[in-house]
Amino acid sequence: MSTRPPLPPFTRESAIEKVRLAEDGWNSRNAEKVSLAYTVDTKWRNRSSFVNSREEAAEFLTGKWEKEFEYRLIKELWAFTENRIAVRYAYEWHDDSGNWFRSYGNENWEFDENGLMQSRFACINDLPIKESERKFHWPQGRRPDDHPGLSELGL
C-alpha cells in the first residue's frame with residue numbers, strides 16, 4: 001500500500017500543502033501519474049460524470065485533457081477537518097475551435113489514512129472569456145511559486 005503525504009489528520013499547513021500538490025499534479029496533465037493520488041476504489045462526481053475507480057479516474061482525465069487545450073489550474077484551500085479538505089479553484093483552457101473558457105469550481109475531498117483521496121465531489125461552471133481576458137500566464141505545467149493565486153487575482 002502506498003502513501004501520499006501529507007497524511008490526515010490535516011493541519012492548516014498540511015492541508016495547504018495537499019492542495020498545492022493536487023494542483024501541481026493536475027497541471028502536469030499526466031493522467032496515469034495523477035490517478036495514483038486516488039484509492040483503487042475512489043468515488044467521484046465531476047459535473048454529470050461519475051467515476052468509480054482509479055482506472056476510471058485515469059480514463060476520465062485522459063479524455064478531459066484531450067479536449068481542454070492549454071489547461072492551467074489554480075486551487076485554493078477553503079476549509080479542512082481531520083481527513084477532509086474543501087477547495088475552490090479556477091482553470092483556463094480553450095477548445096479545438098480556439099474558444100477560451102475560465103472554469104470555476106468547488107471540490108470536497110475525503111482521504112484515507114494513507115493520504116489517498118477516496119472521495120471527490122466537484123461542481124464546475126464554465127465562463128466563456130476572450131483570450132485577452134486570460135489571467136493564468138505561465139508555461140504549461142506547474143504554476144510558478146511567484147504567480148498570484150485566486151485571491152490575489154480577485155477570483
Walk me through it: do N99 and H94 pass the test side-chain contact (heavy atoms from CB on, under 4.5 Å)? CA-CA 5 Å; N99 299 304; H94 70 82; 5.9 Å; no

[atom1] of [X] to [atom2] of [Y]: how many Å apart, nearest 0.5 Å?
{"X": "D24", "Y": "E17", "atom1": "CG", "atom2": "CD", "value": "10.5 Å"}
{"X": "R102", "Y": "R134", "atom1": "CZ", "atom2": "CZ", "value": "9.5 Å"}
{"X": "S49", "Y": "E59", "atom1": "OG", "atom2": "CD", "value": "12.0 Å"}

Shared ILVMFWY cluster between [X] and [Y], side chains joined below 4.5 angstrom?
{"X": "F121", "Y": "I124", "value": "no"}
{"X": "V40", "Y": "V34", "value": "no"}
{"X": "L116", "Y": "I85", "value": "no"}
{"X": "L7", "Y": "I16", "value": "no"}
{"X": "L61", "Y": "V19", "value": "yes"}

For R45, is the CZ atom crowded, meaning more than 12 foreign heavy atoms sit under 6.0 Å from it? yes

Is it the case that more than 12 heavy atoms not belonging to E152 sit under 6.0 Å from its CD atom? yes

Check whether any side-chain heavy atom of [X] lies under 4.5 Å from a side-chain heavy atom of [Y], and answer yes or no.
{"X": "T42", "Y": "S35", "value": "no"}
{"X": "E82", "Y": "P8", "value": "no"}
{"X": "K64", "Y": "Y71", "value": "yes"}
{"X": "R143", "Y": "R20", "value": "yes"}
{"X": "Q140", "Y": "E70", "value": "yes"}

Identify the heavy atoms of [X] and [Y] that sit nearest to each other, and give their distance.
{"X": "E32", "Y": "A58", "answer": "OE2-CB, 3.6 Å"}
{"X": "Q118", "Y": "D112", "answer": "OE1-CB, 3.4 Å"}
{"X": "S97", "Y": "D95", "answer": "N-OD1, 2.9 Å"}
{"X": "L77", "Y": "A79", "answer": "CD1-O, 3.5 Å"}
{"X": "P6", "Y": "S14", "answer": "CG-O, 3.3 Å"}
{"X": "V51", "Y": "A57", "answer": "CG1-N, 3.4 Å"}

If only atom types and distance count, is the side chain of [X] paired as donor or acceptor with the main-chain N or O of [Y] below 3.5 Å?
{"X": "N83", "Y": "F111", "answer": "yes"}
{"X": "K135", "Y": "E92", "answer": "no"}
{"X": "N106", "Y": "C123", "answer": "no"}

With distance as the sole criterion, is a donor-acceptor pair present between the side chains of N46 and R120 under 3.5 Å?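 Side-chain D/A pair, N46 to R120: present.
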
Mind running side-chain contact (heavy atoms from CB on, under 4.5 Å) on R47 and S103 for me, showing each step along the way? CA-CA 12 Å; R47 301 179 194 252; S103 299; 4.0 Å; yes

Non-neighbouring partners of E76 that pass side chain to side chain donor-acceptor pair (under 3.5 Å), sequence neighbours left out: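 E76: side chain to side chain donor-acceptor pair (under 3.5 Å) contacts with R88, S151.
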
Between K75 and E107 (salt bridge meaning N to carboxylate O under 4.0 Å), is one present in this structure?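 Salt bridge between K75 and E107, a charged N being under 4.0 Å from a carboxylate O: yes.
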
N114 and R4: side-chain contact (heavy atoms from CB on, under 4.5 Å), yes or no, with the steps? CA-CA 6 Å; N114 296 305; R4 294 291 283 229; over 6 Å; no

Evaluate the criterion ring-ring contact (aromatic ring centres under 6.0 Å, His included) for residue pair Y38 and W44; output intermediate values, then yes/no. CA-CA 10 Å; Y38 302 93; W44 291 13; 4.9 Å; yes

With side-chain contact (heavy atoms from CB on, under 4.5 Å) as the test, would you mind laying out the steps for L36 and R54 before giving the verdict? CA-CA 7 Å; L36 297 176; R54 180 185 288 163; 4.2 Å; yes

Begin from the C-alpha positions of W65 and W93 and carry the test ring-ring contact (aromatic ring centres under 6.0 Å, His included) through to its verdict. CA-CA 10 Å; W65 293 321; W93 59 282; over 10 Å; no

Mind checking whether Y91 and Y89 have parallel, tilted or perpendicular rings, split at 30° and 60°?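 The rings of Y91 and Y89 lie parallel, inter-plane angle below 30°.
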
For Y104, what are the other residues in its hydrophobic cluster, where any two members join if their side-chain heavy atoms are less than 4.5 angstrom apart?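 The other cluster members (ILVMFWY side chains, heavy atoms under 4.5 Å, direct or chained) are I74, W100, L127, I129, F136, W138, L150, L153, L155.
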
